[in-house]
Amino acid sequence: MDRALLHELRAILGPRGLIEDRTRRVAYECDGLAFERRVPELVLLPADTAQAARCMRALHDHGVPVVPRGAGTGLTGGATPVEGGVVIGTARMRRVLELDPVDRIARVEAGLVNVELSRAAAKHGLFYAPDPSSQRACTLGGNVANNAGGPHCFRHGNTTRHVVGLVAVMHDGEVLDLSEPRVDPLGDDLVGLLVGSEGMFALVTEITVRLTPAPQRVETLLAVFDDLDAACDAVSEMIAEQLEPSALEILDKLTIEAVEASVFAAGYPPDAEAVLLIEVEGSDAEVEANSAGIARVLERRGALETRRATGDEERAKLWAGRKGAYGAMGRVAPDLYVTDVVVPRTKLRELVRRTTEICRERGLKVANVFHAGDGNLHPNVSYDRRDPDEVARVLDAGEKIMEVCIEAGGTLSGEHGIGLEKQKQMHLYFSPADLDAMERPRDVFDPARRMNPGKTLPIRACMETRTRPIAAASSDPAARRASPDAAAAQSTSDRERPR
Amino acid sequence: MQLTELVDYAKSLDCVHCGLCLHTCPTYLLTGNESSSPRGRIHLMRSVAEGAAEADADFAEEMDFCLLCRHCESVCPSGVRFGRMMETTRAGLAESRQRPHVEQLARDFGFGTVLPSRAWLSMLAGLARFGQRLGLDRAAAAFLGERGAPIASMPPVPPADERRPLPRYTPAEGEVTGEVAVLEGCVMPELFGRVNRATVACLSAAGREVHCSRGATCCGSLHAHNGERALARRLTRETVEAHEALEAEVGTALPMVVNSAGCAAHLVEAHEVFAEDDPFVPRARAFAAKVIDFSRAFDGEARDRLAARLGRGPARRVAWDDPCHLCHGQGVRDEPRALIDLLPDVERVELEDSEACCGSAGVYSLARPADAAGVFAPKRDAFARSGADALVTGNPGCHLQWHAGLRAAGDDAPVLHLAELVAERLTPTPAGDAR
Ligand SMILES: Cc1cc2nc3c(=O)[nH]c(=O)nc-3n(C[C@H](O)[C@H](O)[C@H](O)COP(=O)(O)OP(=O)(O)OC[C@H]3O[C@@H](n4cnc5c(N)ncnc54)[C@H](O)[C@@H]3O)c2cc1C
Ligand code: SF4
Ligand code: SF4
């Protein structure tokens, strides 16, 4: 690292604002995806937008690449500095700057942890709807960058539906203030463009979000099945019947076992093959009507039992179990690979089966826990990163799963983003013309390609595909056959999603 | 030493790197630095074992910076046993690293000489009291600057009378409901003799015959936390043996009631300080199963008996602050609250983030006063917001930290051990009409 630059950064940030020694930097070599790692040359922890802007300016002057980082809970390698450079973390920027309970708007710093916003909002009978399972750790900035979803986004929509303003620091240190909340912006919708941009357009430092009034009544149901297929069918049928639960999640047997062995044991019956966690919210009448409809479907599909959470405590427990499911899988093997694909909700049963087979064929252990209502599958594949052969099989399975889902009319990502993990598969879904189009805004935001380099878009040259070494085996780019339903669930186009 | 022995490599593999523990870690909240987070520390341990990072001074500093509060364990879905892992790493570091000479001498003296010895502890307590009376403590604190902060904020050492040892046997008041042993502790009798006496008074009022052995002083928990593994083993063993001897003398198995959450958390896992194949393990395990925190010593009949003995006392609005080694270390959360709710003239309010560490962390607040103060700051604010006029805890370290922290902020709210809060309401005779 250039001495003059270091000197300048130290002056801007003070001693606790930058991490120079190698040992500590090792903690920043990857996010939740542990395949690929690289230790950043420096880690910066600015305390506010002004500091961040001065850092960005200095880094621009010295031509150093920048990788934004929230809490590093991303599952696609988005915050991993694959091409070296400097990591800018938002962990010291976590204030709630403003919360207006009347306008139902909050302005927060990008490093605020998702659950803290919900906590602040709850004091006013409001909540922040996007609730990723990682909400106890992930930051709003990371949510914005990945357009994060969560169980309750089934009803309320992913992050992009809730962000109404942003402050972002551009690649050269310019501060772009879009914080004035605008539901329908005059001119270009820059906020919409920045949401889902995976840290490649700008460093987001402040976020203005819409808060939602807490529903009059909430009911949480746990339906127990002795067959995963039947649970999937029940979901497809609820969708077909236009029933409107606010969340619709499936956990399979292996997941149930892992959760029940963990600190988040929720009381899921350990002998069930699958459970369906359903939440219904709204006015008394709505809840009654919806619940009755749902109960009928569950019965028709052979649910062994349907439990109704009796109080807030039991409800919280059922959800904590769901949200701890990923980590609980750590009991099965040292590492975990979570794919994130979206499939048409009419084909849940067949695709859940197919993805499970794909893993089994490769001798891999897979657990299914997913946002069923959204058709957003998350096969959790356990592996040991020290075993290169197993890693190769995992990557191969991941690739195959994406292929199969796209063929069936699904799409690449529901909420985790593309990052490093799915770079290569962008070809399966997008044509060269699409990819060209995606390059264009980058030319505007980041002409020198210093912002989170090496992510999302595959590097293309002479009709050949070169991607980061994460791609183990190659596969023929299949033609893109997407149904509008699944395509709509993809990151940046969430706004058009049919509800 | 092999790198994989320096840290607990096998346990580090339990971590799936999900990050769900980050936001509960006090040192991460203080710095925003991921290497000061549980996941970061585990990642560093693992990297050291795999040869991808060095166990250098920066590594050692991150390990020292950890409070060992084990909050990360309470939120880890993967069941990572962070406390054990950190103890192993610190033991590995203690064996391999060179500390400054003076610091090493001070450590050896404190851990090796003072804590295991009642004579040394008493003498130092006497000296400290003498110094405090002459105002020497303030002079020393001023002389030492920041390092002297803990001296300045130390509560007055009680007079010799309060520091007398517990009786070896205290009869039950009224009909006997059972027999128990209590752990007298190392620092407890010197600084918190009144808490020990309150503990015995409550148990006796509940119909328990109370025994106290003389065979052991320190249980070794501070040693285990700080990487002094050999000493930790010796002291834990002595504690187990003393209890066995007491049981032999009394002629019956005795539950071991402990009023210090830090010691109890160590003792409920007493067998784990020994190597797996150590022949002492079964004895330690049998002992560990008998250890219970004070708040859990009143079940069924004992609870009713205690309730019948409760009368009026000073009206208080109290906040219970969960000691880390009670809630995270032993999973005990409801019992202390239930006990408080039993008390006449006491209103209990919840403290926000009551499961967050107060920064005491054993000898941490002595070794790293500035960090400890940083960790305490949000606790102090939460207390102010709670509207409580007294703080109740169940661990001597937290007791000192709260006392000092509130005083430093100009708040003279009393800090009480749960046993004291109960004992101040005990009536001389059954008071059936008191409630
Ligand atoms: C247990 C577990 C459960 C999860 N469940 C869900 C879920 O239900 N739904 C879901 O959507 N995701 C889920 N995720 C994935 C992950 O938590 C989300 O993607 C989250 O939004 C990442 O936030 P973060 O703060 O950790 O960001 P990071 O991982 O640090 O970064 C993610 C991406 O955002 C960029 N970024 C971060 N901050 C900024 C900023 N201020 N400005 C610009 N770019 C930035 C980074 O460069 C990176 O590309 C889960 C992850 C885990 C480990
Ligand atoms: S919560 Fe547990 S598994 Fe997840 S990062 Fe922390 S220690 Fe590792
Ligand atoms: S024990 Fe406490 S301080 Fe140490 S890593 Fe865990 S949460 Fe952080």
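Every heavy atom of this structure was used, including side-chain atoms; hydrogens, water molecules and symmetry mates were not. Here the structure is a predicted model, which is why all the values come from computation and not from measurement.
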Contacting moiety of A/Ala34, where chain B heavy atoms sit under 4.5 Å: neither

With a 4.5 angstrom heavy-atom cut-off, is it the side chain or the backbone of A/Ala265 that approaches chain B, or both, or neither? neither

Top contributor to chain B contacts, counting heavy-atom pairs under 4.5 Å, from A/Val115, A/Asp31, A/Val113, A/Asp384: A/Val113

Between A/Thr23 and B/Glu62, does the side chain to side chain contact (heavy atoms under 4.5 Å, CB included) criterion hold? Intermediate values first, please. CA-CA 10 Å; A/Thr23 303; B/Glu62 280 304 357; over 6 Å; no

For B/Arg39, is it the side chain, the backbone, both, or neither that has a heavy atom closer than 4.5 Å to a heavy atom of chain A? side chain

Among B/Ser12, B/Cys21, B/Cys18, which has the most heavy-atom pairs under 4.5 Å with chain A? B/Cys18

Interface moiety of B/Leu20 toward chain A, non-hydrogen atoms closer than 4.5 Å: both

Of A/Arg24, A/Arg25, A/Arg69, the one forming a side chain to side chain contact (heavy atoms under 4.5 Å, CB included) with B/Glu34 is A/Arg69

Against chain A, label B/Thr31 side chain, backbone, both or neither, depending on which of its atoms sit under 4.5 Å from a heavy atom there. both

Mind jotting down which residue pairs meet the ring pair (Phe, Tyr, Trp, His ring centres under 6.0 Å) criterion with at least one end in residues 17-54 of chain B? Sequence neighbours excluded, please. B/His17-B/His43

Let me know if A/Gln135 has heavy atoms under 4.5 Å from chain B in its side chain, its backbone, both or neither. neither

Max heavy-atom pair count under 4.5 Å with chain A, selected residue of B/Val80, B/Leu29, B/Asp56, B/Ile42: B/Leu29

So, the part of B/Ser37 with a heavy atom under 4.5 Å from chain A: the answer is neither

Audit row: A/Val263, B/Val75, side chain to side chain contact (heavy atoms under 4.5 Å, CB included) steps and yes/no: CA-CA 7 Å; A/Val263 286; B/Val75 296; over 6 Å; no

Under 4.5 Å from any heavy atom of chain B - which part of A/Cys138: neither

Per-residue tally against chain B (heavy atom, under 4.5 Å) across A/Arg136, A/Arg22, A/Met93, A/Met329 peaks at A/Arg136

